[in-house]
Structures are given as C-alpha cells and as structure tokens.
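Only one structure is covered here, and it is reproduced in the block below.
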Amino acid sequence: MADSFSLQNVLDNFKSCLSDNKEVFLKYYISGWRELVSFMNSLGSVFAFISKDAVNKIQILENFLTGENGTHYLTVQSMVKYELDNELVDLTKRGSHPESGCRTLLRLHRALRWLQLFLESLRTSTEDSKTSVMCSDAYNASLAQHHPWLIRKATGMAFCALPGRDTFFEVLNAGSHQEVVTLLGEALPLISEVYQITEDLYAKNNLLELP
C-alpha cells in the first residue's frame, strides 16, 4: 500500500467506478479503497484496526479479479450473479466459502459508509468542530452495528486520540481548506452513488447480513 495519499486519486477512481449502465467496476473500487487506506495510514495507528482489515479484503478481491475466474469479477454485479448462481456464498452461516467475493466486499462496503459519513462531516465542519465527535457519530451510524461491544468500546477510545481538524485537512493533501472542501464536494457524491448502487444490489439479493 502506498503511503502518499491523494484525494484527487480517490475522486478519479470512484469516477471511473461506474459504467454507463451504472455497474460498479471492481478494479476501480479496489483502487479507490487503496487510496482510502493510504488516507487512514497517514493518520498513524488510530485507524489501524480498520485499515489492516481493509488491506486483507482488498487482497482477496484482487485475487479473484486476477484469478482463473476473473472475467466473472469485472463488476460487483457480475460477481454477485456468478457467486450466487454457483452457490459460492455462505448465506446463513460460515461454511465452505468464508472468503467469498460477496462477503468480502460487504465488509468494505460497510466501512465505506463510515468513511463517507465522516468525510462529509469534515467537509461541512467549522473550526471548533471536534474530529473525535464527527468520527464517532459516523461510526455509530454505520460500522458500530456490525461490531461486538469490545470493539466498539476500543474504537471509541481510539477516536479520542484523533488529531484536530487542521491535521485532517493537511492529510487530505488537496491544497487550501477551501480547495479540500471543494474536492470533497466532488468526490463524496460519487462515493455515495457507488455505495447506494451496491447497497441496493445486496438488498435485492438478501446479502446485507452475510455471516
């Protein structure tokens, strides 16, 4: 994973994510996530519990994409169809397919919602806004419902150590505060659209609660 983060690269990858008929290209979804991991890593160890898991999930998806059945993994839609048609997904309990593409992407999908909510809060924040509160609120509205109590407790404590708003704007590496806000205003609707298309697809196929 590259250490240098570029918000512009996030924008470019999520812009490339969607085909003309709104299918989600897995290649660009993975590339967008690589940039988001670099963003988390740029802030030190505070997000390590999420970024390490994301790196693992990215590698699993990349292995599918470059593997012998890679043509079935070009888009999220084709992956879902292929794995369901061939019974490659553990639908009710962990079984013989604990690292299916559908389950793996679901974990990234949930984390993407947290990052989307947090970055949106950052975009609309003021000088006296606390990053710890913004991040906790985003977490509680997304990932927290999928984590056991112990992880939720540890996560809440980790967020208390977050740097201030100015540090986040520096890490976002897109110029002045206003330039960062403008670029976030372009990137976040794209991330939101990719998220919603994936959410609707998973809901339609009853995949949102995969074990």
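The first residue in the sequence is number 1, and the count goes up from there. Predicted, not measured: the structure shown is a model, and the values here were computed from it.
One finds the CG atom of L91 at 12.5 Å from the CD atom of E209 (value rounded to the nearest 0.5 Å). Note that the CG atom of D53 and the CG atom of L108 stand 7.5 Å from one another [nearest 0.5 Å]. Put simply, CZ on F159 and CG on D137 are 10.5 Å apart, with the number rounded to the nearest 0.5 Å. Once rounded to the nearest 0.5 Å, the distance linking CD of E87 with OG of S96 reads 9.5 Å. A distance of 5.5 Å separates CG of L36 from CD1 of I191, quoted to the nearest 0.5 Å. Distance check, rounded to the nearest 0.5 Å: CG of L18 to CD1 of I197 gives 4.5 Å.
Taking every heavy atom of both residues into account, S132 and L162 meet most closely at CA-CD1, 4.0 Å. Nearest approach of S125 to R165, heavy atoms of both residues: OG-NE, 2.6 Å. Closest heavy-atom contact between T131 and G164: CG2-C, 3.8 Å. The shortest heavy-atom contact between M134 and S129 is CE-CB, 4.1 Å. Taking every heavy atom of both residues into account, L117 and S142 meet most closely at CD1-CB, 4.3 Å. Annotation for V180 and G175: closest pair CG2-O, 4.0 Å, computed over non-hydrogen atoms.
Side-chain N or O atoms of E99 include none that pairs as donor or acceptor with a backbone N or O of T104 at under 3.5 Å. The backbone N or O of C102 sits less than 3.5 Å from a side-chain atom of Y202, completing a donor-acceptor pair. A distance-only check finds a donor-acceptor pair linking the side chain of R110 to the backbone of L208 [under 3.5 Å]. Between the side chain of S100 and the backbone N or O of R103 there is at least one donor-acceptor pair closer than 3.5 Å. When atom types are taken as modelled, the side chain of S192 and the backbone of L188 share no donor-acceptor pair closer than 3.5 angstrom. Remark: side-chain polar atoms of N205 are paired, donor with acceptor, to backbone N or O of L201 under 3.5 angstrom.
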> Taking it one step at a time, do L105 and F64 satisfy side chain to side chain contact (heavy atoms under 4.5 Å, CB included)?
Replying inline: CA-CA 11 Å; L105 188 126; F64 279 126; over 6 Å; no

>> Checking L183 against L172 for the side chain to side chain contact (heavy atoms under 4.5 Å, CB included) test, could you report, in this order, the C-alpha distance in whole Å, the side-chain angles of both residues, the deciding distance, and whether it holds?
In response: CA-CA 10 Å; L183 202 54; L172 286 167; over 6 Å; no

> How far apart are the C-alpha atoms of D12 and Q8, what are their side-chain angles, what is the distance that settles it, and do they pass the side chain to side chain contact (heavy atoms under 4.5 Å, CB included) test?
Replying inline: CA-CA 6 Å; D12 292 343; Q8 182 64 53; 2.9 Å; yes

>> Checking T198 against L112 for the side chain to side chain contact (heavy atoms under 4.5 Å, CB included) test, could you report, in this order, the C-alpha distance in whole Å, the side-chain angles of both residues, the deciding distance, and whether it holds?
In response: CA-CA 11 Å; T198 307; L112 186 65; over 6 Å; no

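In this structure, Q145 places its CD atom where more than 12 heavy-atom neighbours from other residues, nucleotides or ligands lie under 6.0 Å away. No more than 12 heavy-atom neighbours from other residues, nucleotides or ligands sit within 6.0 angstrom of CG on D20.
A single hydrophobic cluster is seen to contain both L74 and V80, as judged by linkage of ILVMFWY side chains at heavy-atom distances under 4.5 Å, directly or through other members. Hydrophobic clustering of Ile, Leu, Val, Met, Phe, Trp and Tyr side chains at less than 4.5 Å, counting indirect connections, keeps F25 apart from L11. Under the 4.5 Å side-chain heavy-atom criterion for ILVMFWY residues, a single connected hydrophobic cluster contains both L88 and L65. Y28 and Y73 are assigned to two separate hydrophobic clusters, defined by single-linkage of ILVMFWY side chains at heavy-atom distances under 4.5 Å.
Annotation: side chain of V24 is in contact with side chain of Q77 (closest heavy-atom distance under 4.5 Å). Counting heavy atoms from C-beta outward, P148 and I151 have side chains that approach closer than 4.5 Å. Under the 4.5 Å side-chain criterion, counting only non-hydrogen atoms from C-beta, Y139 is in contact with R152. No side-chain heavy atom of N173 sits less than 4.5 Å from a side-chain heavy atom of L7. Counting only heavy atoms from C-beta outward, the side chains of Q59 and E62 approach each other to under 4.5 Å. The closest side-chain heavy-atom distance from T124 to V181 is not below 4.5 Å. Residues P163 and L43 form a side-chain contact, since some pair of their non-hydrogen atoms from C-beta on lies under 4.5 Å apart. Side-chain atoms of F5 and V10, non-hydrogen and from C-beta on, do get closer than 4.5 Å to each other.
Applying the ring pair (Phe, Tyr, Trp, His ring centres under 6.0 Å) test to residues at least two apart or on different chains, the pairs with a partner in residues 170-198 are H109-Y195, F169-H177. Among pairs with a residue in residues 113-136, those fulfilling ring pair (Phe, Tyr, Trp, His ring centres under 6.0 Å) read F47-W114, F118-F168, at least two apart in sequence or across chains.
The existence of a salt bridge linking K15 and E186 is excluded, since no basic side-chain nitrogen approaches an acidic carboxylate oxygen closer than 4.0 Å. D85 has a carboxylate O that lies under 4.0 Å from a charged side-chain N of K81, or vice versa, which qualifies the two as a salt bridge.
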